[in-house]
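What follows is a single structure, written as structure tokens, with notes after it.
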Amino acid sequence: MTHFISKRLLINIAVVAAALGANVLVAYLQIGGQRDADARMLHSTHVRQSLDAYQTALDTVSPRSPDSKRPLNRRRETPPRR
């Protein structure tokens, strides 16, 4: 009977180890995915801030058209197509 219990215990330990390994793998993959998402977010934030600074610099330097308050270097928005 002792042989049966030890064999059963070994099987239980193997099942627990497999489940633990699967959980570790899932956590590792999620952390890696989150790290990639954070890096993309930081990059897009930096690009947006750089574009805002560039736009501000253009607004302070560019001449304005005499008939409107819009700077000359800005692109006009196209009207929606029908």
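Since the structure is predicted, the reported quantities are computational estimates derived from the model, not experimental observations.
Pairs engaging residues 45-54 under the side-chain hydrogen bond (donor to acceptor under 3.5 Å, both in side chains) rule: none recorded [sequence neighbours left out]. The list of side-chain hydrogen bond (donor to acceptor under 3.5 Å, both in side chains) pairs with a residue in residues 12-28, not counting sequence neighbours, is empty.
To the nearest 0.5 Å, atom CD1 of residue I11 and atom CZ of residue R8 are 9.0 Å apart.
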Less than 3.5 Å apart, which donor and acceptor atoms pair up between the side chains of residues 32-44 and the rest of the protein, not counting sequence neighbours?
from, atom 1, to, atom 2, distance (Å)
Q34, NE2, D38, OD1, 3.0
S44, OG, R40, O, 3.3
S44, OG, M41, O, 2.9

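Think of L10 as one node in a network of Ile, Leu, Val, Met, Phe, Trp and Tyr side chains linked at under 4.5 Å; it has no links at all. The hydrophobic cluster containing L51 also includes V47, under a criterion of side-chain heavy atoms closer than 4.5 Å among ILVMFWY residues, counted directly or through chains of members.
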